[in-house]
Amino acid sequence: MISAKAYAAFDPTSPLGPFSLERREVGEHDVLIDIKYCGVCHSDLHQVRNEWGGAMYPLVPGHEIVGVVSKVGSAVKKFKEGDLAGVGCFVDSCRECHSCKEGLEQYCEVQNVGTYNSFERDGKTITYGGYSSQIVVDENYTLKVPENLDLARTAPLLCAGITTYSPIMQWKIGEGHRVGIVGLGGLGHMAVKIAAAKGADVTVLSTSPNKKQDALDLGAHNFAVTKDEATLKQLRNSFDFIIDTVSAPHDYNLYLSMLKRDGTMILLGAPPEPSTVAGFSLIARRKRLAGSMIGGIPETQEMLDFCAEHNIMSDIELIKMEDINEAYERMLRSDVKYRFVIDMASLK
């Protein structure tokens with residue numbers, strides 16, 4: 001076994017603290033990655049505090065992982081020592097179902113193995129995430145990180161980047177489309193950058209007037225305050241697509257009213273309580289309400305290559321490992337632009 005340093009949650013209410021764990025030995029198809037940076041996702045906080053249920057303690061979060069390959073298995077073909085590599089939200093799947101065979105492993109119909117707080121395919125080995133010094137992953141679930149990207153700012157692409165890229169590709173959003181982005185946080189700021197790079201006309205829809213300049217700086221063409229009644233009237237029947245990144249409770253019907261006939265609203269955020277959708281919000285103009293979740297390995301690699309081509313990276317605040325508990329509290333206050341990333345060199 002390979003010894004690794006980490007930070008873990010030991011119960012739902014105590015601060016995260018130092019933890020030692022063991023990674024498996026490098027198998028013939030595995031790569032050992034020395035983790036350089038790990039992004040902090042809001043889902044880390046949900047799972048640490050057991051807000052979704054099923055937390056297995058000690059719990060080591062982190063699924064926005066970038067680093068350097070330090071060892072490869074005997075049969076590995078994609079990587080060599082010294083390569084830059086990334087790991088996203090899952091590290092294995094059944095490999096045999098329709099979704100896996102189509103490169104949509106995120107929707108594996110048998111068992112998608114989460115990067116942390118999940119069971120390996122053996123059904124008993126718990127996975128530990130990227131708040132750690134090293135990780136061992138099958139090469140087929142490991143991404144090649146383009147060398148022209150800043151490594152720290154690339155980490156959030158493994159979750160926030162692919163979560164927004166995937167629906168943009170699925171619905172072929174691009175030139176000639178008007179797109180509304182609901183929310184300007186970790187997901188929203190990536191949605192703005194990617195949709196704009198695809199050629200769409202992008203409007204940020206926000207309840208916060210003070211976010212206007214940030215939205216425009218990120219590449220949005222327009223900004224609208226959704227608390228303003230006159231603005232809401234002007235926006236009715238305006239958008240071909242709306243990408244909703246908000247996980248707090250809010251009124252879906254308000255945004256559905258902004259769609260054109262045959263428009264689609266795509267949910268990326270997951271509010272804690274069910275939301276009421278009026279039938280006529282969809283029926284009257286043949287509108288669609290859809291959802292999307294991260295992406296498979298082929299699409300995630302495509303996303304990284306696209307971001308490298310267009311110089312797209314996350315806007316981040318780099319923190320030390322010891323500052324993670326404070327970062328969680330700040331994240332709850334939306335006090336970050338727009339993603340925290342841990343410098344793993346600070347892990348003692």
Side-chain angles (χ1 to χ4, degrees), residues 39-47 49 51-52 64 89 156 159-168 170-171 173 178-196 200 202-212 214-216 218-220 222-229 231-232 235-236 238-259 263-278 281-282 287-294 314-315 328-340:
V40 180
C41 180
H42 205 110
S43 60
D44 296 347
L45 179 58
H46 287 307
Q47 298 217 50
R49 299 188 176 179
E51 293 172 351
W52 292 344
E64 298 179 348
C89 299
C159 179
I162 185 57
T163 297
T164 48
Y165 182 86
S166 186
I168 287 170
Q170 173 65 28
W171 278 275
I173 299 171
R178 288 199 68 198
V179 182
I181 308 294
V182 184
L184 195 65
L187 289 178
H189 93 288
M190 290 307 308
V192 169
K193 291 186 178 191
I194 294 171
V202 178
T203 298
V204 169
L205 305 169
S206 177
T207 59
S208 303
N210 59 359
K211 291 187 176 181
K212 179 176 180 178
D214 285 352
L216 299 177
L218 289 165
N222 305 286
F223 180 87
V225 179
T226 55
K227 289 182 177 179
D228 183 80
E229 290 296 329
T231 299
L232 292 178
L235 290 176
R236 291 182 66 84
S238 291
F239 298 109
D240 300 288
F241 298 95
I242 291 176
I243 299 175
D244 186 342
T245 71
V246 175
S247 290
H250 59 292
D251 184 10
Y252 290 164
N253 301 286
L254 174 70
Y255 297 101
L256 286 167
S257 72
M258 300 179 192
L259 287 174
T264 301
M265 178 169 161
I266 305 156
L267 303 182
L268 304 184
E273 300 295 334
S275 301
T276 301
V277 176
S281 292
L282 301 173
K287 299 174 184 179
R288 303 172 183 86
L289 182 62
S292 182
M293 182 182 75
I294 55 175
S314 184
D315 288 19
Y328 279 0
E329 296 305 318
R330 287 182 55 195
M331 192 162 54
L332 288 172
R333 302 193 300 268
S334 299
D335 180 23
V336 57
K337 292 183 178 180
Y338 283 94
R339 207 72 162 186
F340 287 117

Sorted by chain and number, sequence neighbours left out, side-chain hydrogen bond (donor to acceptor under 3.5 Å, both in side chains) with D228 holds for T231

Over all atoms of both residues, closest heavy-atom pair of A191 and I181
CB-CD1, 3.8 Å

Going by the rule side-chain contact (heavy atoms from CB on, under 4.5 Å), which residues pair with N210 if we only count those two or more places apart in sequence or in a different chain?
S208

Under the side-chain hydrogen bond (donor to acceptor under 3.5 Å, both in side chains) rule, collect the residues that match up with S166, sequence neighbours excluded.
E299

What I'd like to find out is whether the side chain of I173 reaches to under 4.5 Å of the side chain of I266, using heavy atoms alone.
yes

Closest non-hydrogen atom pair between L256 and S281, with its separation:
CD1-CB, 3.8 Å

Which heavy atom in A195 sits nearest to a heavy atom in I168, and how many Å separate them?
N-CD1, 3.7 Å

Can you list everything that forms a salt bridge (Lys or Arg N to Asp or Glu O under 4.0 Å) with K337? Sequence neighbours excluded, please.
D214

Heavy-atom distance under 4.5 Å between the side chains of L232 and M258, does that happen here?
yes

Nearest heavy atoms of T164 and I194, plus distance in Å
OG1-CD1, 3.6 Å

Tell me, please, which residues at least two apart from C89 pass side-chain contact (heavy atoms from CB on, under 4.5 Å).
H63, C159, I294

Would you say K287's side chain and L259's backbone share a donor-acceptor pair under 3.5 angstrom?
yes

What's the separation between atom CE in M265 and atom CD1 in I242, rounded to the nearest 0.5 Å?
6.0 Å

Return the CD1 to CD distance between I162 and E64, rounded to the nearest 0.5 Å.
12.0 Å

Might you point out which heavy atoms bring G186 and R339 nearest each other, and give the distance in Å?
CA-NH1, 3.7 Å

With sequence neighbours left out, the residues meeting side-chain contact (heavy atoms from CB on, under 4.5 Å) with D240 are H177, R178, K260

For residues S292 and L268, determine if any side-chain heavy atom of one lies less than 4.5 Å from a side-chain heavy atom of the other.
yes

Would you check if the side chain of T245 reaches a backbone N or O of V182 as a donor-acceptor pair within less than 3.5 Å?
yes

With sequence neighbours left out, what residues match H46 under ring pair (Phe, Tyr, Trp, His ring centres under 6.0 Å)?
H42, W52

When every non-hydrogen atom of V192 is compared with those of L184, the smallest separation belongs to CG2-CD1, 4.0 Å

R49: side-chain contact (heavy atoms from CB on, under 4.5 Å) partners, not counting sequence neighbours:
L45, E51, Y328, E329, L332

Is L235 close to L205 at the side-chain level, that is, under 4.5 Å between some pair of heavy atoms?
yes

For Y252, check ring pair (Phe, Tyr, Trp, His ring centres under 6.0 Å) against everything at least two apart and list the hits.
H250

Could you list all the salt bridge (Lys or Arg N to Asp or Glu O under 4.0 Å) pairs where at least one residue sits in residues 266-275, not counting sequence neighbours?
none

For S257, enumerate each residue passing the side-chain hydrogen bond (donor to acceptor under 3.5 Å, both in side chains) test, keeping only those at least two apart in sequence or located in another chain.
none

side-chain hydrogen bond (donor to acceptor under 3.5 Å, both in side chains) against S314, all qualifying residues, sequence neighbours excluded
H189

Donor-acceptor pair, distance only, cut-off 3.5 Å: does the side chain of S247 make one with the backbone of A270?
yes

